[in-house]
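Atoms considered below: every heavy atom in the structure, side chains included; atoms not considered: hydrogens, waters and symmetry mates. Letters A, B, ... are given to chains in the order of the sequence lines, protein chains preceding strands, and every chain is numbered from 1.
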There are 2 protein chains.
Amino acid sequence: MDADLKEIEAHEKEPGFVDGYLLYLLASASHLASGQFHEELRGAGIRVPEWRVLACLRDDDGQMVTQLARFALMEQSHLTKTIDQMTERGLVTRRSDEVDRRRVRIFLSDKGRELANGLVSQAKAHEDRLVRQLGASDIAQIKSFLSHMVETLENNE
Amino acid sequence: MDADLKEIEAHEKEPGFVDGYLLYLLASASHLASGQFHEELRGAGIRVPEWRVLACLRDDDGQMVTQLARFALMEQSHLTKTIDQMTERGLVTRRSDEVDRRRVRIFLSDKGRELANGLVSQAKAHEDRLVRQLGASDIAQIKSFLSHMVETLENNE
DNA sequence: TCGTTTTATATGATATCGCATATTATATTT
DNA sequence: AAATATAATATGCGATATCATATAAAACGA
């Protein structure tokens with residue numbers, strides 16, 4: 001009996017579709033890796049969407065809602081609600097755009113910025129550990145591929 | 001005035017943390033790419049968690065709930081509820097394990113398998129288009145990195 | 001074997017998410 | 001300038017997701 005059949009018998013099954021499917025690989029890598037950091041967030045009493053908003057605003061403060069929602073990978077109405085909560089907690093403030101008053105711009109408060117800075121430090125530390133754990137020397141390549149992918153998909157839709 | 005400062009003035013801002021953060025790149029690449037296929041699913045009246053369950057069972061039928069939940073990247077109690085719905089729709093069946101009767105094994109129905117096969121074909125077609133769109137010659141490398149990442153993170157937790 | 005612990009799934013309550021649409025402001029057309 | 005169309009955000013509501021825990025079966029210990 002040849003090796004392949006033996007594997008099947010032992011229920012190590014045929015290759016299967018999912019394990020080689022790009023979207024599944026991306027989703028599960030993201031899920032597992034982010035899961036680790038999300039644990040840390042929980043410890044700090046921060047929810048994932050809040051973290052995303054904090055990090056995105058730290059990079060570019062005063063974004064308008066729609067734009068920020070795309071950047072933070074969330075749906076607009078959900079962001080609006082997240083902003084409500086974060087406003088309550090004194091992490092961000094809303095200010096309507098001077099020029100186009102439909103637009104609402106979101107700004108970090110001092111408290112929010114401090115929190116964001118701390119979390120970004122944690123995130124960097126976590127990323128370092130992760131990369132070491134992966135023993136990935138070619139991490140720059142991976143990042144560059146992913147960036148390319150993001151750029152392509154953003155523009156083409 | 002040097003180039004860097006000019007950029008800042010033009011609000012093309014400093015590099016920022018998020019754009020180079022591995023977990024963000026993974027999450028957004030996954031979000032954008034999967035988003036495309038999820039549109040197709042919507043068209044077919046299938047929800048994302050249902051698709052995941054179908055695809056996972058197609059690769060390995062009769063999984064127990066906990067195991068399937070991990071594979072399908074969802075939380076156990078949520079899977080239980082998804083299974084309820086899919087059972088209603090005649091896509092899967094529950095059968096309790098002969099040996100250990102705490103365990104519940106989930107099987108595709110004929111209808112479910114047919115649906116799964118069709119969706120997997122769509123997924124393959126979509127992946128082909130995506131890879132072509134990305135002009136990615138080194139896609140095998142990427143996949144292998146992601147697989148390695150998933151394996152590492154699965155075992156180490 | 002009885003009590004305790006662990007494991008697997010289900011359930012119920014709560015919070016989150018997302019769609020459809022309302023509201024308000026700007027742009028465009030006539 | 002009025003009417004209409006488009007754009008940005010908010011809101012309501014139903015669906016989904018998650019947490020904590022209940023239930024039930026098996027494994028383990030004394």
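The side chain of B/Q85 approaches D/dT16 more closely than any other nucleotide in the set C/dG18, D/dT16, D/dA8. Side-chain atoms of B/R47 lie closest to D/dT16 of the nucleotides D/dA8, D/dT11, D/dT16. Distance from the side chain of A/V104 is smallest for D/dA10 among the nucleotides C/dA10, D/dA8, D/dA10. Of the candidate nucleotides D/dA10, D/dA8, C/dT11, D/dA8 has the atom lying nearest to any side-chain atom of A/R102. With C/dT26, D/dA25, D/dT9 as the choices, the nucleotide that has an atom nearest any side-chain atom of A/R103 turns out to be D/dT9. Between D/dC13, D/dT18, D/dT9, one nucleotide has an atom nearer to the side chain of B/K81 than all others, and that is D/dT18. Distances were taken from every side-chain heavy atom of B/D100 (C-beta onward) to each of D/dT16, D/dA26, C/dT16; the shortest belongs to D/dA26.
Remark: B/E151 CD is loosely packed, at most 12 non-hydrogen atoms of other residues, nucleotides or ligands lying under 6.0 Å away.
Comparing B/T66 and B/R42 by the nucleotide of DNA chain C that holds the closest heavy atom to each, the one mapping nearer the 5' end is B/T66. Comparing B/M64 and A/E98 along DNA chain C, the residue whose closest nucleotide (by nearest heavy atom) sits nearer the 5' end is B/M64. For the pair A/S77 and B/S77, nearest-nucleotide mapping onto DNA chain D gives the more 5' position to A/S77.
B/H126 and B/F37 have tilted rings, their planes meeting at an angle from 30° to 60° on a 0 to 90° scale.
Here D/dG12 presents its P atom at 11 Å from CG of A/D84, a figure rounded to the nearest Å. Put simply, CE on A/M86 is 18 Å from C1' on D/dA10, counting in whole angstrom units. Per the geometry, CD belonging to B/E75 stands 15 Å off P belonging to C/dT16, to the nearest Å. Across the protein-nucleic acid pair, B/Q63 atom CD and C/dT9 atom P stand 11 Å apart, rounded to whole Å. Computed from coordinates, the A/R101 CZ to C/dT24 P distance equals 13 Å when rounded to whole Å. Between the P atom of D/dA15 and the CE atom of B/M74 lies a distance of 17 Å, rounded to the nearest Å. Going from atom CD1 of B/I106 over to atom P of C/dA10 covers 7 Å, rounded to whole Å. Residue B/L68 contributes atom CG, which lies 10 Å from atom P of C/dT9 at whole-angstrom precision.
The cationic atom of B/R95 (NZ for Lys, CZ for Arg) lies less than 6.0 Å from the six-membered ring centre of B/F107 and within 45° of the ring axis.
When heavy atoms are screened at a 4.0 angstrom cut-off, B/E50 is found touching no nucleic acid atom at all. Residue contacts shown for B/V99 are limited to sugar-phosphate atoms, with no base heavy atom under 4.0 Å away. Using a 4.0 Å heavy-atom distance criterion, A/Q67 is classed as making no nucleic acid contact.
Residues B/R70 and B/Q76 have side chains that never bring a donor and an acceptor to within less than 3.5 angstrom of each other.
If you check distances only, the side chain of A/Q76 does reach the base of D/dA10 with a donor-acceptor pair under 3.5 Å.
One finds no side-chain N or O of A/T80 lying less than 4.0 angstrom from the OP1 or OP2 phosphate oxygen of D/dT9.
With B/R105 as the fixed residue, the salt bridge (Lys or Arg N to Asp or Glu O under 4.0 Å) test singles out one of B/D97, B/D60, B/D61: B/D97.
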Salt bridge (charged side-chain N to carboxylate O under 4.0 Å, His left out) assessment of A/K124 paired with A/E127: CA-CA 5 Å; A/K124 284 176 176 166; A/E127 177 169 337; over 6 Å; no
